Structure formats: structure tokens, C-alpha cells
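For clarity, every value in this text was computed on a predicted model and none was experimentally measured. Numbered from 1 within each chain, the chains take letters A, B, ... in sequence-line order.
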Amino acid sequence: MSFLEVKDLKIHFPTDDGLVKSVDGLTFDLERGKTLGIVGESGSGKSVTSLGILGLHKGGRAHLSGEIWLDGEELIGASAEHVRGLRGKKMAMIFQDPLSSMHPYYTVGQQIIEAYRIHNDVSKQVARKHAIDMLGRVGIPEPARRVDSYPHEFSGGMRQRAMIAMALSCDPELLIADEPTTALDVTVQAQILDLMVDLQREFNSALIIITHDLGVVAELSDDILVMYAGKCIEYGPADSIFYRPEHPYTWGLLGSMPRLDREPTERLLPIKGSPPSLINVPPGCAFHPRCPYAERTQGKANTEVPALAETEGGHLVRCHMSRDERRGLWENEIKPVLETQ
Amino acid sequence: MSEPNYASEPLLSVQDMEKHFPVTKGLLKRQVGAVKAVDGISFDVFKGETLGLVGESGCGKSTTGRLVTRLLEPTAGKVVFEGQDITHMSQGRLRPLRRDMQMIFQDPYSSLNPRHTVGAIVGAPFRIQGVQTENGVKKAVQDILSLVGLNPEHYNRYPHEFSGGQRQRIGIARTLALKPKLIIADEPVSALDVSIQAQVVNLLEDLQNELDLTYVVIAHDLSVVRHISDRVAVMYLGKIVEIADRKRLYSSPMHPYTNALLSAVPVPDPKARKGRERIRLVGDVPSPLNPPPACRFHTRCWKAQEICKTVEPPLGEVASGHRVACHFPENAVETPAAAAAEQS
Amino acid sequence: MLTYIIRRLIGALAMLMVVSMVTFGIFFVVPQWAGATPEALASRYVGRAATPETVHLVAERLGFYDPVVVQYGRFVKGVFTGAEYDYGAGVEQCPAPCFGYSFISGQPVWPDLVDRMPVTFSLAIGAAILWVLGGVAIGVLSALRRGSFFDRLSMGTALAGVSLPIFFTGMVSLVIFSYGLGWTPPGGAYTPLAENPALWAYDLLLPWITLAFLFAATYARLTRAGMLETMGEDYIRTARAKGLREREVIVKHGLRAALTPILTLFGIDFGLLIGGAVLTETTYTLPGLGQYAILAIRNQDLPQVMGVVLVAALFVVVASLIVDLLYAVVDPRVRLS
Amino acid sequence: MTAPLDVPGSAAEAQPESVLAGAGKDIQGRSLTRIAWMRLRRDKVALGGGVIVVLLILVAIFSGPIISVFGHDPLEFHQEAIDQSTLLPQGSFGNMGSEYLLGVEPVNGRDIFSRIVAGAWISLLIGFLATLVSVVIGTVLGVVAGYFGGWVDQVIGRIMDVFLAFPLLVFAIALAGVVPDKGFGLEGNGLRIAMLIFIIGFFSWPSIGRIVRGQTLSLREREFVDAARSLGARHGYILFREVLPNLLAPILVYATLLIPTNILFEASLSFLGVGINPPTPTWGGMLSEAVRFYTLPHFVLFPGLAIFITVLAFNLFGDGLRDAFDPRAH
Amino acid sequence: GGGGTPQQPAQSASGGGAQPAFNAALTGVYNPSTKKGGTIKAAHSSDWDSLDPADTYYGYSFNFGRLYWRTLTTYKTGPGPDGNQVVPDLAEGLGQPSPDGKTWTYKIRSGLKFEDGTPITAKDVAYAVARSYDKETFPHGPSYLNELLAWPKDFKGVYKTPDVDYKSAVEATDDTTVVFHLVKPFSSMDYIVQLPMTAPVPKDKDTGAKYREHVISSGPYKFETNEAGKRFTLVRNDQWDPATDPNRPALPDKWEVQLNVNADDLDNQLMSGSIQLDIPGTGMQPAALGKVLPDPALKARTDNPTIARLWYVSVIPDTKPLDNIECRKAVMWAADRVANQTAYGGPVAGGEIATNVMPPAVVGQEKFDLYQTPENKGDVEKAKQALAACGQPNGFETTMTFRADRPREKALAEAMQQALSKAGIKLTLKGFPASSYFSDYAGNVDYVKKNGIGLATHGWGSDWPDGYGFMQAIVDSRTIRPAGNYNLSVKNAEVDKLVDQAAAELDATARAKLWVDVDKKVMEDASILPVVWAKSLLMRGQGVTNLAYNEGQQMYDYVLLGAE
Ligand SMILES: Nc1ncnc2c1ncn2[C@@H]1O[C@H](COP(=O)(O)OP(=O)(O)OP(=O)(O)O)[C@@H](O)[C@H]1O
Ligand SMILES: Nc1ncnc2c1ncn2[C@@H]1O[C@H](COP(=O)(O)OP(=O)(O)OP(=O)(O)O)[C@@H](O)[C@H]1O
Ligand SMILES: [Mg+2]
Ligand SMILES: [Mg+2]
């Protein structure tokens, strides 16, 4: 059994407008020391998944089902109090927007100290030392002085480092980073990503990195999971996903991004239309309204939900088209357009 | 794509523009210093071209855009639009000129008034400027809506009913209403989803071709800027450190900061991370409150020498149309400072 | 900091000037619109069946024949430099701040005010503690159980507090708890804190509760709204992600942020109360500033009215200044902007 | 051309239809107000509050017929219902019964039910209009202070302080004598009501002013304000067309809170004898009279209850409104 | 007789006893006792105008003041009709008038001392009278002595003109003789000198307006503490010699007085026993009435005297169409006297329906009724006839004022409005603050004329129970001045003439007859609509002994009280 195993995770929210199926049957696993990248556009259920793993939906109105096994323990069925005890120590999270995710009225130090003392019965002095230590580890200059600063007195990069310091203060074995760099500059982003890789190596922790930037994922991940409308539509080893993507949505993502490593194209190749609603998820394949190949499935696309099927070693795709058809399209039509022009 | 006309008078000319925000401290509102958000920048924008403005967060890009559109009063310098000095023009006299100079805002969520219908938003320019239209405002608005790829039937809807991309289109429609000559786009796509971003970028390009627009596009995403711009200016801490046409800038960047920026962009190619050598900048962007003296990049620059701390490098032209403010530029054949440094 | 405070205090001074001028105007200009002569004004301050001579003498003594501006100037001068008071058998020096002598009792106003302040302050502080604790607790619980029966019930109870006038709730609770059950002392009981703290609290318990009942609703509503707002913030999620117990999340993180805006209101309310909890003090016969104010107004005793109005206004100003200063302490972000 | 994805072409190629295709279902023509209404409709308690408010207004409007069916002339004395030695209502519970639904007043035996019904319109009118006055003043000054900031904000802030610190009691008592019988085209109680509305409104604006100012401070940083400025809009346009509509929700919510407060304000003025001239009934006036007879529960209870129900109804409704307009509420 | 022993109320009481019964203290001493010691806790719902004997004008103040001052004469203590008589106090006997009635001589007792031990002489009395002349310093007190005595022309008071000798008005011819010189013959001088202005004041302790803060006692009690506006306490004055004082048993050791007590709460405390005496003695509040009257146990603790006070409505002839007597009569006819009585609190707490001006408690009063209506409920027919005679057959509109902070007056105004509307007279009601009611509004001639005030609620109590004491201030049109009037409506030359005649008449019976004539004239003039001759419902405090209602004081006799 892997360190983290998620099986058929469903997270639904009943709302006034109907049931929001934010996550609808997600399955993946992750070993210690490995990194999983989750990509997908806004609202595809990435954050909800990570909050679900941490048990942060409990007590709310969310309906959770499926299984989450962490280090041999099942979390969905576990008591809220038990999961709370695991949070911070066994699993921790870094949030997207460090400014709004840190309490504006407490100093950075206080917030790290608090996180540390929840799980470690130590004096304030000891915890403070530890906090300074952590701040130094994540590369904050003069940590002994900055520990008493308020979040708003930090620059964006420093805030995110402080968030990381807070998340890592109890050496968690699973670290989920939910868009850790989206709010940051490229140069700072690079620093943070480097830092996370270093730290992961140091602690040998399992890392989930959530983003919609394929570049970030490519830098870090061993495995990649592409989400669309609450479902996994492509999952597999990073190389396999990047060099032999098989789902039209993944193709779309690749086509939408102007790339510095290639010659500039005349035009970008966006995906038509807008992301789907999670209440009225399009029937059949959720991507079919935006999929240029939908008609190739002889109507199956709008009626039948395609299964997540393996195409090659550990590479799973959820598409009605046959494997050969997809490979053909990729090799003959998509890849040349993306690479040349 | 319409070709920019570099020979003629520039449409917009910015000369030595400065903007210092007073910084007050405590409740006494005592001024303790100034944020030199924009500290003496000059550039020209020619008709039909797209000038990209990149740089890290807080380097003064938005401030530049707001100075040009006179949403802020410059501390010093000059803004010339179509040959007219508008730097100190009163808001009243400026009003008619605003028809020709419009702005697209970064955030499609906050730049549209949530209480106004799409029709009211896109029709606002007509009402504010008192422009008469042939078939009434509604018709004009609906025409523009379809121009940016929205359904004219959305006239009576509210912004929150639209997705981010659609909202940004509404914002674009508003700027297009009065058929401006110059559009300043402040991070027009950075709030959008990857899949939508491309739609909007394409739209901007298409509109430029059709309507003969001139753009100043502000962004921090270097790949987007490369895609859309003819020329690119790189800003660092309130100064332009490098400006060149896109090809030169991306193929042979000269300023170390430009290099660092380019190398920091993550590339969606798992193999690249192994081979690629990334310039790892240390430290954060210094505060614009106390910018480092002389060359502002010297605190983070791996090539910095003594001279960088004392003498400010001018934004000198090192090749045709390629200016850089550095004593020791990369990819350079020869620069005076570098030569001097070698000799010493 | 100091300059800021000084500047605010100068502003406050200007504000007090305005308040005093208007009060003065109301006393002299408004009756004149209605056709009152100096004698008419003076005849308020004489016994019944006083002769015209008496009225004339009194009008002269009180300076009513001077133009209003002169009278106002005299008042202001008295406040800053003190004044002389002729009590018939001699002249007394009334040191600054001299708010003059009561038109009716001839008592100097300022010592009265100083004398009565502790009573009002005692009343205000105890009530404030009760209503803040009560209101905030109800507000937090209502927010956490939004829409529940408890939410509605507590709001209903709290609102009953605002819809019943205090002169009624006060009287009824006296009848029940003092005269019926004998749990609390009768009206008029007041022991200074310095004399006997236990008795002080015992005597004021009922007024505190009544007054708190009136205010708790507002605070409960504000807290509820604030909690609903802050509990949706990202930093609450962060706190949970750290593994913090829910109670700590609510109190240390949610409430901490929600309370800040309540501070503003509290400062103003408290300032207003120190200026005089008029109806409470009248109902319970507490010899504080509020009782003084209502008596002064009823008797149209201008020096007393001016004194109590200015002291009350001063408290409002000082309270709003303290709140602003405190805000900067409580919310570290304020300092920068 | 078999280009798989979006085909390069003209702008029209980014067709409206395809853009909306995926979104067509969930993006229905629902404005914020519509959504708020939908939410409100589902919020039974808030809706109940709203229904009570409407009922109260109906009672105020149709007080005449209601009284003629269920009660007696609100001014008429009913000495026969009074015990002449104690002057208290005969029988138990203040002579409540089919004759006098809510009993009678002591001393003169007036029908409490009729007086509450007849008093509704003044109390509600004062509640509404005084609120309107303070909302208008508070909003305008609050918006101006928040939008322009600087010394304008300072000055308005101090003015608010003055109004907060100002002894309204002094003002009210002094004014009692100078109110003319005629003026502004009004007479007698009409003029008095108008004056009360003005005074109450005029003195309760600072609170709403503060709220509006705070909201405006954050609104003016929103980009749509800059957008309007970059289009050349004047301050007036920005203030009233761009900023103000966004203040509607907080103003609305606050106004519902202010209405009952103002009704009680009239009560305390009546208590001081500077309210509406007798014998015209108002809830506040009845309450202040009833306080002298606190031993008669029914006398104080019913006007108190009328105010309480109004307060409760408006607050429940106000709560519902806020929740309905709160985008994060769901 | 001088130097007698203190009166023993327990013995002199007739029909008194400790059995609680309604009106038990009206005719006898209730709960008689001679026990000394203890404390009486008293309370007042508002405050004294002044504790200075020269500067006070309230009945309760005159009554209560006798605990710390002594005047030349005083009302006979104890219950019953005797209470209206004046008896000597400081003086050995009543005043000796000169034959022309213009000089009155009083001899004071020997052995009298102030609280500091200095002897009280006639000089101190004369000085006290002279100092009370200064109305600038003592604006509250009555000014009878200012008007009656032959003050020197250049006399402006003892403070402003300390050198002017005032012996032309009042003099101490020796240590025990005080002589008053009057400007005109005056018969009721013994009543006048029971006013506190004759309470002795030591000149060297006189601090003018500040004397009130510490009045030097000449009576059995002296001030221990005095917190203005809040409370004061009296303790025994050991310099007071009971042998010199036949009137005061001085039983309690201490008096505690609390001021500005919430009126409703005061009643509750009186009922529950935490307060024993309600100082103003004007009766209980409506809320308490509702509790007391239906409850026999509580009612048995009350007394219900009629007092020399008239509640009435001034019908102001300055305002059209009330300048026409017929219109005023229409008001008289239309008024519903029962409803008016009810508004004032009904027969028990309010008073007896008044048919003429002078209350029965006034000596020599005669009851008559010029406007008799069936069951006292008003006569619309007669009112309409009067209206027709007045030329207003369809009625008219006018304004009625009342004191807004007096609920009974408001109720009266409402009752009047109801009753008059039946005859077609439409009233607009307007309330004003009591403190400026007479100065700025109803008693302000300009205001009344400008605002067309036709009716005004009013009330008057006598300073002493004879015709002059009751009537003069409210019916003599020559007292009318621009503002601060108490005579709001009686402007009749014939009335004035009769007043002069009555004041000068030395024969008591003839004098009383003349005042009745005044009364009749006023009623004919229809400018006063009498409402009730007031009654008050007084509650006897728990633990208080020797409670007796005194006619002269119009309340319990405070100097008799003792504590159990
Ligand atoms: N508490 C909730 N109640 C109802 N719907 C919710 C709730 N939380 C999340 N959702 C919905 O679930 C969907 C998935 O949200 P999620 O935050 O996981 O997206 P995401 O992939 O993280 O997007 P982003 O890139 O914008 O962060 C969204 O449509 C969101 O509106
Ligand atoms: N009104 C203001 N008052 C004070 N400082 C300001 C103000 N506006 C901007 N600044 C400061 O000026 C500097 C430049 O800001 P600007 O918004 O132009 O940066 P930017 O390059 O647009 O950054 P971003 O990429 O985050 O939008 C920043 O340090 C900012 O804090
Ligand atoms: Mg997310
Ligand atoms: Mg910007």
C-alpha cells in the first residue's frame, strides 16, 4: 500500500442551485519522497480535493465519500478529532494566497509558534527558537528579527516562505501545496519551487503540488493528474503526460500556453468555450461541448461517461476515442502544430 | 498584422516620467519618505505597434499605465499624446482626449461594476463622453459586443453571470466603444484561466489588425508578452532597464535581470528541468522605498562590481533599437563600462 | 504620535466650541424667536409670584441683558481663566475650568460634575463589560449556529432589549428583584468603589443588567455579522489546517478579527454612556451625570446644561480618539496606511 | 484545414455561441437581485419578517376600517369601563374582552386596540421617513468623505462627532416651544410629525455615515472606479452612478435596523413631552404614558409588543436581506 | 405660654391609634409615641429650591425647615382643624398690632441659642428679615415682606447697601423685641411671620447665596452633611433647649434625606419600608395608586386629605373669540367636570370637583356653583346657546397648553378636548416644559397673544389658608407683567377693586365675606374654569410614629414625627 491512497473520492456540495459535484470519483496514490502534480483549470476541484484530504470539509455541508488512506489509516471514516490531530503534524498544506491565508493580527512568529505548539508540548521560548529556525531554513534573512513582523510587512515571496515554514514546522509527512506560487513573480516563484524541492528531499515527504501552470508541474512532478470538472481525465508519469498526452483537454492546455522554449507562434490555440458548470455537468464526457473531436465518437460523448483506461504503463486516460485514434491525432495533427508553425 | 510605423511621430511619448508616492507613517501622517514607483522612464509608442512592459510585481508597471492615462498625476516628466502635452492638462480639457486613449484593467472581476448591466457598462463611454450614435447607444453597444465575441443578447445581463474570459471581453468592449487610438492594457490576461487566456490574447491581436489599434500591454508573464508585443520594455524598480524589439530581447537579452527573468520561467517540459541552467536570483525585490543606489539591480546581480554601486548606468542604445541600462551587459559585443572594468 | 493626539485634541476643542455655541444658542436664540425677553428668561429662575423687580434683578445678575455673544464670551472666558462669582455677601473666585454657577441652586457646576463622574463611570463600566461579554457570546453562537432555533431565539431576546424602554425594564426589575424578591437593593443605592467594592457591585448589579440588556442586541448582531464574515476568510482555513482545535479557531482567529470593528462602536457607545446614562440613572436614582443632565435640562439651568453637555461631548471625543489609537494597536495593518 | 483546436482566423471566429456553449446552462439571466430574491424566498424566517412588515403597513393604511370593525374611536373616553375609585380598568386584564380587544387605558378608558392601530401610521411613517432622511444625509456625506478622503474626510468626520456628541434632549426641549402651528404648508400635528422626522433623521445619520464611508473607502479602490475615471467621468457620475449602487445592500440592511430605532426615538421624545401632540396616539407616546402605570401589564405590553414585533420583523427581514446579498453565504 | 414644656402629642391626640386605617392620621395622631432616638429616612422626588429660609417657597420646605429653624410664629402642630391656627414659636405670643394696623410688635423668648451656642436675639430676626429683601441673592422666596414693610428708599439689601439702616421697616428695639413697620394696614401679619424669612440668621455667619450650604440652626436639628442635589442629613442640635419650644418633640436622633429620587421608585420604597417619608407630601404616583387603592392593607396605610389647592384651567380673554364672555361661558358649560376630575386622579387621588375658585380648606370659603350641569357632566345645550350669544354658533378653534411633563395636566387637556368638541369647540393641545411654562409660554403675555392660546392648565395652592393667601396672586390683574405670570386670565377691574377692599379689611369675618365676593366675581367673569380642589393620597411610612395631617402645612406635620 502506498503512503497516500485516494480511492473513488467524491466531494459534493448541496447548494441552493443544486448539487455541486466538485470532486467526482478521484483515485490516485503517492509514495513518500515523490511528487504528484495536479493540474486543471479554475474550479475543476483541485482545492476541494486537497481540503478533503486534510479533512477540512468536515463539519461543513460537504458530502464526502470514497476512501483516503494515509499511512495505513483511513481518514474519511475517522473521527474529526482524530483527523485534526493529524493535521499539521502528519499532513500539512500551503495555500495559494499567503496574505489572505495568514491572520493579519498575529505576527508571523506567533502563527508559526502556534502551529508548532499544537503538536509539541514545549514552552513558548522553545517554540520561538524553532520558529526562527524554520524561517531561516526557508531563506528569510535575519529570521530572529523578522519573526516579529506582521504578514503585511513581508513581501509576497517572504510571506509564501513563511507559510511554508508554518506548514513544515512539525515535519509533516505529506505536504500539499495548493497553487503555492500563483501569486508570485517568476523569479520568486523559481526560488520557492527550488526551496520546496530541497525541503522535500530533506524530509523525504510526499508532496502534492496543485497548479494550473503546466510549467510548474513539469519542473517538479513525478506523476501528473489532470482534472476536468471534478474528474481525473488523464493521470500518469510526468514524461508520459507531457510527451504523449492523449486527452484533447490536455492538448488544449498545452496549446493555450505561449512557450518561451519554442519559437513564437502566430496565434495561440485556445480551447473553445468556457469551463463547465459543476452543477449541470455536461452529460457524457464533461469535455464534449468544448471538444473538437466529439463528433468522432458517434454521439457517445454526450451520453456516456468514458472510463478511465490505461493506455501504457501507469498512464490513464478518460476518453471515448480509441487509443490509436488519440495517438494518431497527437502525432499527426497536434504535435506538429504546437511545435512548429 | 498591421505594421507599426516607426518613421512617423510617436503616438505616445513619455519623457523622464517620475511618480513618487509620499509614504506617511503612523497615525501622524508624517511623511517619512517616498515610494519611487516610477523613477524617470522614457519611451515612445508608435502607431500600430504593441509595446510590452514586463517586470516583477511592484516595479511600477501599473503606475506607468496610470500615469499615461492621467489617472495619476506625474511627479515629474512629460506625457505627449498625438503631439499634445497632456502632462498637466486639466481633467476638463483631457476629457475629449480620453476618447482616443483607453485602458483595459487587470482584474475582470473588480473592473466591472457588479451593479451595472453589460449594456450600461459598455454604453458608459457614450454617455460619459456625450457621444451621439447613429442608431442609438444600444445598437452601438451590441455591435461592439459582437465584435469582441459576445452575444449581443447579453445586453441586459450582469457581470457576475459571465465567466472570467467573458468579463474581460466586456472590459475590452468598453475600451473599444469610442474607437480609441491607443489602448493601455494592464495585465489583461493574468487573472484568466489558461484555457481562456489564449482566447483573449487572440482577440486582442485580431482587434489590433481590424481596428488599427496601438497597444501598450503590461504583463508579468514573459511568454504572453513575447507572444503579443512588437517591442518589449523590461522594468525593474521604477526604471526601464532594457528595451528592444521582441526578437532581440528574447534571443539575446542583455541586461542580467532580463536574463534572470527569462530563465526563471518554468517550461512545460519535464526534460528541460534537468538540462536547463536556471539563474537563481537571491533575495527579494528591494523596497522601492529605499531603492539601492546607482544600478538598482546590483544587490541581486551576480555580475555586479564596484561601479554598479556608485554609477548609475544610462539606458544606452547598444544596437539599433536595443537599449540597455547596464555596465556589464550580457551577449554584448563591447560596452564602454565593461571595457573599462576589464582594463582596471 | 504626540502631535497626532495634539492635533486631534485641537480638533476636539473646535468641536466642543461648536457644541457649546449651539447649546448656548438654543437657550438664548431659540426662545428669542419665540419672543422671550431677558425678563422672561430670568423668570424661569425665580420663585413663584416673584415681583417684576426681582425678575429684573435676577436678569441683571445673570447677565441676560448683554448680547448673546458677550454672554457666550463670558462663559468661554470662565472656562479658560476662571471667573468671579458674587454670592451677595462677597465675591468668590471660581477657578478654571469654571462652568459657572447654577442659576437655580447657586452651586458651582464643575465640582458637581467631578463629583458625579465616578457614579456614571461605575455604571458604564459594569454595564459595558456585561453587554460586551453577553452580546459577543450570543453573536458568536448565533453565527456558528446560523439559522438555528438558538440563533433566532437569542436574537429575539436581545431585540426585546432594544424595543423596551429602559425606564420600563428598570422599574419592573426593581419591583420584582428589589421589592418582591429582595435580592437586590432598592433604588438609589450606591456605594463608592473605594468604600466597599463588594457593596459597590451589589448596588449596581441591577442597573448594569438593565443597561446591558439594552445594548447587548446591537453587539450580538454586529458580532454575528462579523463572525459570519471572518469565518469565511482564508486564514481560518489555515488555522484549521494547522490542526487547531475548533474552539481556538473560533476564539483566537475568528473572534479576534471580528471584534476589531466592534471596537469602534464600543468606543462611541461607551463615550456616550460616560456622558450620562440619562434614563438608567433617573430610573435607579443614581446620582451620576445622566441624572444631573436631565435635572439641568428640566430646570433649564444653563450653566449646568453647558457643563454636562460639554463633559459628555468631551467623553465622546476622547473615546473616539482612544478608539482610533487603539485601532492602530489592535489592527497592525492600520499603521501603514 | 483540419486544425484540431481553435482555428486561427478572424475575431468573429471566437464566436459568441461557442464561447457560451459550455456555459449556457448555468449562466442564466439571473441578476444579483434575482438571486437575492430567490434566496430570500427560501429563507422562511426572513420572509415571515417581510410579511409582517407588509401587514403592519397595511394595518397603518387601513386603520380606519379596521378600527370601525374591531374597536372604538381611538380618542373616545369610556368612563364606564373604568373603576371610578382606582381609575383602573374594570375587570381583569385591563378589561380585555370582545368589547375591548386589548383592554382599555386607565383613567379615560380609551380602547388600546384602536389606539395601537390608529397610531401605527405615525410610528411607521416616522420610522420610515426619518430613516430616509438619515440614510440620505448619511449616505451623501459618507460617500463624499470616503471618496475624497483627506481634509474633506476629516471635516465630515468631525461633523459626525459633533452630531454624536450633541445633546438632542436639549435641542428637543428647546424646540418644543418654537414650533409654529403652521409652516411649510403643514399644520398642527402634520407639522410636528414633519419636524420629528427631520430632527430624528437629522440626528441619526452619523452612524450610517460611518458605515457608508467605510464601504466607500474600499469601493473607491476598485478598478471600475478607475475605469470610469479613465473614460473621463466626473466625480458626480462616479459617486452616484458607480459607487452608490454598490452601497445599496449595506444601506438597505442598515436602514432596516434604523427604522425601529427611530420609532423608539419618537418614544423617548414623547416621554419628554416633546413628541406628537395629544391626544393623537403613537406607539411611543402610548408607551411613555403607560410607563406610569407599569402595574398594568396590558397597558405597557401592547404598545411595547407592537414596537417589538416591528423591530423583530425588520431585523429578521434585514438579516435575510444581508444573507441573501452576501455572495459568500452559499 | 412661654417656657412651657414640649407638647406631648401622644396625650393630646384624639381618636389616634396604631391600628392602620384609611384616613387615620387626618383627625388624630397615628401611632403615637414619645420614644426618642432612631433615624427617619426621607426622600424627595426632586430637590429643594433652597434650604436657606430666605430663599425657599415650597410648602414642604416650610414644614420640614422647622426642624432646623424657628420662626416668630408657626402653625399649631397636630391634627385637626386647629392646624390652621398660628401659634407663637420664637415669639412669646402672637403679634401686637398698632391700632392703625401698620405696626406689629413681637416679643421673643429668652434662652434661645444658635447651633454654635450664641444666643438668638431680636437683632438676628430683624437681620434675617432684612437680608431676605435682596431678591437678587434670594430670588426664590416669597416677596410679601418686600411689599408690606416700609423699606428705606435707598435700601438695596444688606449686602449691597450695608450701611443703610432698615429700621423703618423692621427693627429690634431690644434683645427680645422685633417691630415691623408696614406701608399699609395688614391684618394677617401673624401668618406672614410664620414664613421662614423670620427665622433668625447670625449676621457674622451669613454668606449670602452660599448660606444655603450650611444654614445655622435655631431649631432642634442641625446639618451634619449636605451634598447638593443628592442628599443631606440632620442630627440633633444640642444647643436647642426643649424648654423654649412647646411645639417640637424632636424625637428622632437623625434625619436622612435623599434627593431626586425616581418618583415611582420612591412610592415603591415607601410601601416596602426602605423609605419612611415622602417629603413633598403631594401624594402618590398613578402607578402606586393602582396598587394601593385596590389593596385594603395598603390603603389602610394612607390618608386622603383635601388641601388648599385648586387645579384649574385659565380661560384667557386675550384670545379671540374668548375675549367675549359668552364664549368663555360656553367653555364653562361644555366642560365635563367628572372627566376632568378623573384626569386629575379621580375623587380619591385627584380631588373634589371644584365649582368655584377658593378651596374649602381656605378659611371662610363658601361653595357655590354658577355653572351647574346635570351630573356635572357638562351641558352641550347651554354651551351652544352661549356660543350663539357669542356669535360663534358653530363653535370655534383655539389652543390649550399644558405642562408636558405633568401627565395629569395632559390627561386634563385630553378630557377638555373631548368634552368641548361636543359643543363644537375644537382644541389643539400643546405641551411645554414645566420649567419655562410660565416664563416663556402660558405665563408670557406676548407668547399667548401671538400664538392664540385660549386655555391653559394651571394650579395654585395658598401660602396660608386665607383669601388673600390663596387668591391675590391669581386674580389680581395688576400682578400681570410681560412674563412669568401666574395670573393668566383674570383681568377684571371689579375683581381688582374687591381685592383691594378685602386686603385692607381688618375684621376677619367681613374680610372672608369680601374674598367670597372676589370668588363670585371671577366665576361670573368665566375666566377660571375650576377643576378640582385637590386631595392627596399620602402614605404613612413604616416605622414612623406620631403621624398627623396638619391643615396648615397641608401634609403630615414633620416636626412631630418619631422613629420606632
Ligand atoms: N463549500 C462549497 N460549497 C459549494 N461549492 C463549492 C464549495 N467549495 C468549492 N465549491 C465548488 O467546487 C468547485 C471546485 O472548487 P476548487 O476550489 O476545488 O477549484 P480549483 O480547482 O481549486 O480552482 P482554482 O484554480 O480556482 O483554485 C468550484 O466550482 C467551487 O465553486
Ligand atoms: N497610491 C499609492 N500610494 C503609495 N504607493 C503606491 C501607490 N500605488 C502604487 N504604489 C507603490 O508603487 C510601486 C509600484 O506599483 P505598481 O502598482 O505600479 O506596480 P506593478 O508593477 O503594477 O505591480 P503588479 O505587477 O503587482 O501589478 C509599488 O511598490 C506600490 O506599492
Ligand atoms: Mg483552488
Ligand atoms: Mg499592476
Begin with the C-alpha distance, continue with both residues' side-chain angles, and end with the deciding distance and a verdict on side chain to side chain contact (heavy atoms under 4.5 Å, CB included) for E:T282 and E:R309.
CA-CA 11 Å; E:T282 48; E:R309 168 169 284 275; over 6 Å; no
For the residue pair E:H458 and E:F438, is the inter-centroid distance of their aromatic rings smaller than 6.0 Å?
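That pair passes the under 6.0 Å test.
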Ring centers of D:F202, D:F163 separated by less than 6.0 Å:
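D:F202 vs D:F163: aromatic centres under 6.0 Å.
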Is [X] close to chain D through its backbone or its side chain, or both, or neither, when contacts mean heavy atoms under 4.5 Å?
| X | answer |
| --- | --- |
| E:A349 | neither |
| E:D267 | neither |
| E:L289 | neither |

Output a table of donor-acceptor pairs, distance under 3.5 Å, between side-chain atoms of residues 124-132 of chain D and any protein atom two or more places apart or on a different chain; print 'none' if there are none.
residue : atom : partner : partner atom : Å
D:T131  : OG1  : D:G127  : O            : 2.4
D:T131  : OG1  : D:N262  : ND2          : 3.1

Is any residue of residues 410-419 of chain E within less than 4.5 Å of chain D by heavy atoms, and which ones?
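Only E:K410, E:E414, E:A415, E:Q417, E:Q418 of residues 410-419 of chain E have a heavy atom under 4.5 Å from chain D.
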side-chain contact (heavy atoms from CB on, under 4.5 Å) against E:V448, all qualifying residues, sequence neighbours excluded:
E:I316, E:T319, E:I453
Taking every non-hydrogen pair under 4.5 Å, which of E:P347, E:G346, E:P407, E:G350 racks up the most with chain D?
E:P407
Would D:I112 and D:M286 count as a side chain to side chain contact (heavy atoms under 4.5 Å, CB included) here? Give the steps.
CA-CA 9 Å; D:I112 291 182; D:M286 291 180 73; 4.0 Å; yes
Contacts of type side-chain hydrogen bond (donor to acceptor under 3.5 Å, both in side chains), residue E:N485, not counting sequence neighbours:
none
Begin with the C-alpha distance, continue with both residues' side-chain angles, and end with the deciding distance and a verdict on side chain to side chain contact (heavy atoms under 4.5 Å, CB included) for D:W205 and D:L141.
CA-CA 9 Å; D:W205 67 265; D:L141 289 184; 3.5 Å; yes
